[in-house]
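By convention in this document, chain letters (A, B, ...) are assigned in the order of the sequence lines, proteins followed by strands, and residues within each chain are numbered from 1.
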2 protein chains.
Amino acid sequence: MDWSVQQIAKLAGTTSRTLRHYDEIGLLKPSRTGDNGYRYYGHAALVRLQRILLLRELGLGLPAIAEVLDHESDAEKALGRHLEWLRQEQDRLARQIDSVRRTLEAVKGGGEIMAEKMFDGFDHTRYQEEVEDRWGKDAYAKGDAWWRGMGAEEKDAWKQRSRQLGSDWIAAAQSGAAADSDEAQQLARRQVEWLRAIPGTPAAAHAAGSNGDIRGYVTGLGEMYVADPRFSANYGGESGAAFVRDALRIYAERHFQSGR
Amino acid sequence: MDWSVQQIAKLAGTTSRTLRHYDEIGLLKPSRTGDNGYRYYGHAALVRLQRILLLRELGLGLPAIAEVLDHESDAEKALGRHLEWLRQEQDRLARQIDSVRRTLEAVKGGGEIMAEKMFDGFDHTRYQEEVEDRWGKDAYAKGDAWWRGMGAEEKDAWKQRSRQLGSDWIAAAQSGAAADSDEAQQLARRQVEWLRAIPGTPAAAHAAGSNGDIRGYVTGLGEMYVADPRFSANYGGESGAAFVRDALRIYAERHFQSGR
DNA sequence: CTAAAGGTTAACGTTGCGTCAAGGTCAAGA
DNA sequence: TCTTGACCTTGACGCAACGTTAACCTTTAG
C-alpha cells in the first residue's frame with residue numbers, strides 16, 4: 001500500500017518537486033526506494049508530510065520544522081519563538097505601511113518624491129540605521145514610538161516648531177553671523193532643547209539626569225547635517241550647513257562635559 | 001568634490017557592497033570612474049542613492065525602485081500598488097499568527113501536533129490549495145473570513161455539529177448500510193446542508209439561488225474524502241470513506257442538475 | 001509496438017546583498 | 001625606498017524553498 005511521488009503529492013496537496021527537495025535535504029525520506037530509483041511513500045511518510053506542510057503553512061522554516069518533528073518536545077518552544085517572530089514582523093509591516101501611506105500622500109500633494117526634509121518633523125525613517133549604529137538600537141525605536149503615538153495636531157505643532165527652527169537657522173546663516181555669535185548660540189540652545197523633546201535620544205536622557213554622551217551626540221548630529229546634501233541644499237549650501245555644525249559644536253563644548 | 005565608495009556608503013548609511021551591486025544591476029552608476037577602476041560618486045548620485053534607500057525602506061523591490069526613479073510620473077501608481085500588496089501581506093500575517101496561536105494552544109493542551117482532523121470545524125487550512133484550484137480563488141477567502149469572524153461559542157457549536165455529523169457517518173458505515181439507503185441519503189442531505197452554511201462554497205451559492213456546479217462540488221468533495229487517508233482512518237478505513245463518497249454522489253445525482 | 005504518462009538526476013533562476021578570495025592602488029612612516 | 005595598512009577592484013559562492021527546463025529511463029494503456 002505505498003504511493004508514488006505524484007500520488008502522495010496530490011494526497012497532501014503539494015508537488016513532486018517539493019518531495020524530492022525534502023528528500024534531498026533529509027527532511028522526508030521515502031519509505032522505500034524501488035530498483036528503478038522510484039520513490040515510494042507509506043502511511044508514516046504521509047503523516048509526516050502532512051505535519052510538515054501544516055507547520056510550513058504556519059510560516060516555519062524547513063530546519064525548524066525538522067527540529068520540531070524530530071524532537072517532539074521542542075514543539076511548544078519552537079512555536080512560541082515563531083509566534084514572537086511573527087508578531088515582530090507584523091509590527092514592522094504596520095510601520096512600513098504607515099510610512100508608505102504618508103509618502104504616498106506627500107507625493108499626491110507635493111509632487112516631489114523626497115519632499116520630507118530633515119527638519120520636517122524629524123525624518124526618523126531616514127536616519128534609522130545611523131541612529132541605531134551610533135546611539136543604540138532602542139533609541140530609534142523609542143523615538144519612533146513617540147512620533148507614532150502623537151495625534152495629528154501634536155504632529156502639526158511639532159512640525160511647525162521644527163520649521164521655525166529651521167528657517168531661523170537659515171536666516172542666521174545668510175546674515176553672515178559667526179558660529180560663536182550670540183545669535184548662533186541661541187539657536188544652538190533651541191536646537192538642543194528641541195532634541196531633548198525626542199525620547200530615546202541622548203539629549204532626552206541627559207535632560208532626565210542621566211549622563212549619556214550628549215556632547216558627542218550634538219556634535220555628531222552637526223556633522224551629519226553637513227554630510228547630508230539635502231540639508232545643505234535647504235540651508236544655504238555647504239556654508240550654511242557648516243555654520244550650523246560649527247555652532248552646535250561650539251555650544252556642546254561650552255555646555256557639556258566631554259562625554260560618558 | 002566627489003566621494004569614494006566607502007565615503008558615500010557612510011554618508012548614505014549603507015555599504016560599499018551594496019553600491020557595487022547597484023552599479024552591477026544598473027540601478028545607480030558612479031558619476032565617474034577613475035583610470036584605476038575606482039568608482040567616484042557626485043552630488044546627483046548621492047541624491048539618487050538616498051531616494052533609492054528611502055524607497056527600499058518602504059519595502060519596494062529594486063526593479064520597482066528603478067521604475068519609479070526613471071519614470072517619475074509612475075511614483076504614485078507604484079506606491080499605491082505597493083501599499084495594496086503590503087496590506088495583503090499584513091492580512092496573511094494576521095491569519096498566520098492566529099493559526100499559530102491556536103496550534104500552540106492545542107499543543108499545550110492536548111499534546112499531539114496534528115490533533116485537528118477533517119471534521120473538526122472544517123479544517124480550512126488543509127484544503128486551501130485544493131479548494132482554490134477547483135472552485136475559484138475567493139471561495140477559500142470567503143470561507144476563511146467566515147470562520148475567523150465567528151465567536152468562540154459559535155465555533156464550538158459548529159464543531160459540535162460537525163462532529164455529530166461525522167460520528168453519524170461512522171455509525172452508518174459500520175452498520176453496513178448501503179450508500180443508497182434512506183439512512184445514508186439522510187446523512188448526505190445533512191452533509192449538503194452543512195456545506196451550504198459555509199459561505200464561498202458552491203453549495204452556499206446554490207442555496208442562494210445561483211447555479212454553480214454544486215453537483216460536481218458535492219461529488220468531488222466525496223472523492224477528496226476517499227483520497228485523504230486521514231479521513232479514511234477516522235471513518236472506518238477506505239470502505240467507510242467510499243461509503244460516504246458513494247452516498248454523496250448518489251445524493252448529488254438525484255437532487256442536482258448536472259452542473260453549470 | 002508505440003505513445004503517453006510519470007519517474008530520475010542535474011543544474012540554473014529567483015532576491016539582495018554578505019562574505020571570503022586573490023590581487024591592484026595609494027598615502028604615509030621607517 | 002621599502003613596507004605597511006587602508007581601500008579599491010573583479011569574481012564567485014551562499015542563502016530559502018522550491019519552479020522550471022533539459023535530457024533521459026520506465027511503466028502503463030491502447
Side-chain angles (χ1 to χ4, degrees), chain A residues 2-41 45 48-49 51-69 78 82 85-86 89 92 96 129 133, chain B residues 2-41 45 49 51-69 82 85-86 89 92 96 129 133:
Chain A
D2 293 352
W3 300 284
S4 72
V5 262
Q6 293 273 19
Q7 291 174 329
I8 201 179
K10 278 183 186 161
L11 284 184
T14 182
T15 72
S16 58
R17 177 65 178 91
T18 298
L19 289 164
R20 264 182 259 115
H21 183 57
Y22 290 169
D23 184 7
E24 217 175 287
I25 65 174
L27 178 57
L28 177 66
K29 296 284 185 188
S31 312
R32 182 168 67 79
T33 305
D35 299 336
N36 44 21
Y38 283 26
R39 294 173 174 79
Y40 293 104
Y41 297 82
R48 184 178 170 95
L49 175 56
R51 290 183 172 182
I52 290 172
L53 295 180
L54 181 123
L55 292 173
R56 198 191 56 174
E57 278 175 15
L58 298 184
L60 276 83
L62 300 191
I65 293 178
E67 200 171 337
V68 169
L69 292 185
H82 183 55
W85 147 260
L86 283 178
E89 276 297 292
R92 205 177 52 75
Q96 217 170 52
E129 291 184 24
D133 278 359
Chain B
D2 293 351
W3 299 284
S4 71
V5 261
Q6 292 275 18
Q7 291 174 329
I8 200 179
K10 278 184 186 162
L11 283 184
T14 183
T15 72
S16 59
R17 177 66 177 91
T18 298
L19 288 165
R20 262 180 268 117
H21 184 58
Y22 291 168
D23 186 6
E24 217 175 287
I25 66 175
L27 179 56
L28 177 66
K29 296 284 186 189
S31 312
R32 180 169 67 79
T33 305
D35 298 336
N36 43 22
Y38 283 27
R39 294 172 175 80
Y40 293 104
Y41 297 83
L49 174 55
R51 290 183 172 183
I52 291 172
L53 295 180
L54 180 125
L55 292 173
R56 200 191 54 175
E57 279 175 14
L58 297 184
L60 276 83
L62 300 191
I65 292 178
E67 200 172 336
V68 169
L69 291 185
H82 183 55
W85 147 260
L86 283 177
E89 275 297 291
R92 206 178 51 75
Q96 217 170 53
E129 290 184 24
D133 278 358

Take A:Arg39 and A:Leu19 through the test side-chain contact (heavy atoms from CB on, under 4.5 Å) and record every step on the way to the result.
CA-CA 9 Å; A:Arg39 294 173 174 79; A:Leu19 289 164; 5.9 Å; no
In this structure, OG1 of A:Thr14 is separated from CG of A:Leu49 (nearest 0.5 Å) by 7.0 Å
Just by modelled atom types, is the A:Ala64 backbone N or O under 3.5 Å from a matching donor or acceptor in the A:His82 side chain?
no
Just the rounded figure in Å: distance from C1' of D:dC15 to CG of A:Leu62.
13 Å
Please state whether the phosphate of D:dT9, meaning OP1 or OP2, lies under 4.0 angstrom from any side-chain nitrogen or oxygen of B:Asn36.
no
Rounded to the Å, how far apart are A:Glu24 CD and C:dC12 C1'?
13 Å
When we call it a touch if two heavy atoms are under 4.0 Å apart, what does A:Gly34 touch: a base, just sugar-phosphate, or nothing?
nothing
Looking only at side-chain N and O atoms, does A:Gln6 come under 4.0 Å of OP1 or OP2 in C:dG7?
yes
Is any side-chain nitrogen or oxygen of A:Thr18 closer than 4.0 Å to OP1 or OP2 of D:dG19?
yes
Contacts of A:Gly37 and B:Gly61 projected onto DNA chain C by closest heavy atom; the upstream (5') one is A:Gly37
Rounded interatomic separation in angstrom, taking CD1 from B:Ile25 and C1' from C:dC17:
10 Å
Tell me if the side-chain of B:Arg17 makes a donor-acceptor pair with the base of C:dT19, cut-off 3.5 Å, by modelled atom types.
yes
Derivation of the side-chain contact (heavy atoms from CB on, under 4.5 Å) call for B:Tyr40 and B:Ile8
CA-CA 9 Å; B:Tyr40 293 104; B:Ile8 200 179; over 6 Å; no
In whole Å, I'd like the distance from the CD1 atom of B:Ile8 to the P atom of D:dC8.
12 Å
Does A:Ser4 reach a base, just sugar-phosphate, or nothing at all? Heavy atoms under 4.0 Å.
sugar-phosphate
Do the side chain of B:Tyr38 and the base of C:dG24 come within less than 3.5 angstrom through a donor-acceptor pair of N or O atoms?
yes
Taking the side chain of A:Arg39 as its heavy atoms from C-beta onward, which of D:dT9, C:dT9, D:dA17 lies nearest to it?
C:dT9
Quick check on D:dG19: is either OP1 or OP2 less than 4.0 Å from any side-chain nitrogen or oxygen of A:Thr15?
yes
Taken to the nearest whole Å, CG/A:Leu19 to P/C:dG6 is 15 Å
Would one find a side-chain N or O of A:Tyr22 under 4.0 angstrom from OP1 or OP2 of D:dC18?
yes
Rounded to whole Å, the CG-P distance (B:Asp35 to D:dT9) equals 14 Å
After noting the C-alpha distance and the side-chain angles of A:Leu86 and B:Gln96, does the key distance pass the side-chain contact (heavy atoms from CB on, under 4.5 Å) rule?
CA-CA 8 Å; A:Leu86 283 178; B:Gln96 217 170 53; 3.4 Å; yes
What is the separation between atom CG on B:Leu55 and atom P on C:dT15, rounded to the nearest whole Å?
18 Å
Measure from the side chain of A:Val5, starting at C-beta and using heavy atoms only, and say which of C:dG16, D:dC8, C:dG7 lies closest.
C:dG7
note: B:Tyr40, atom OH; C:dT25, atom C1'; distance rounded to Å ~ 9 Å
So, OP1 or OP2 of C:dA10: does either fall under 4.0 Å of a side-chain N or O from A:Arg20?
no
So, does A:Arg48 use its side chain to make a donor-acceptor pair with the main chain of A:Leu27 at under 3.5 Å?
yes
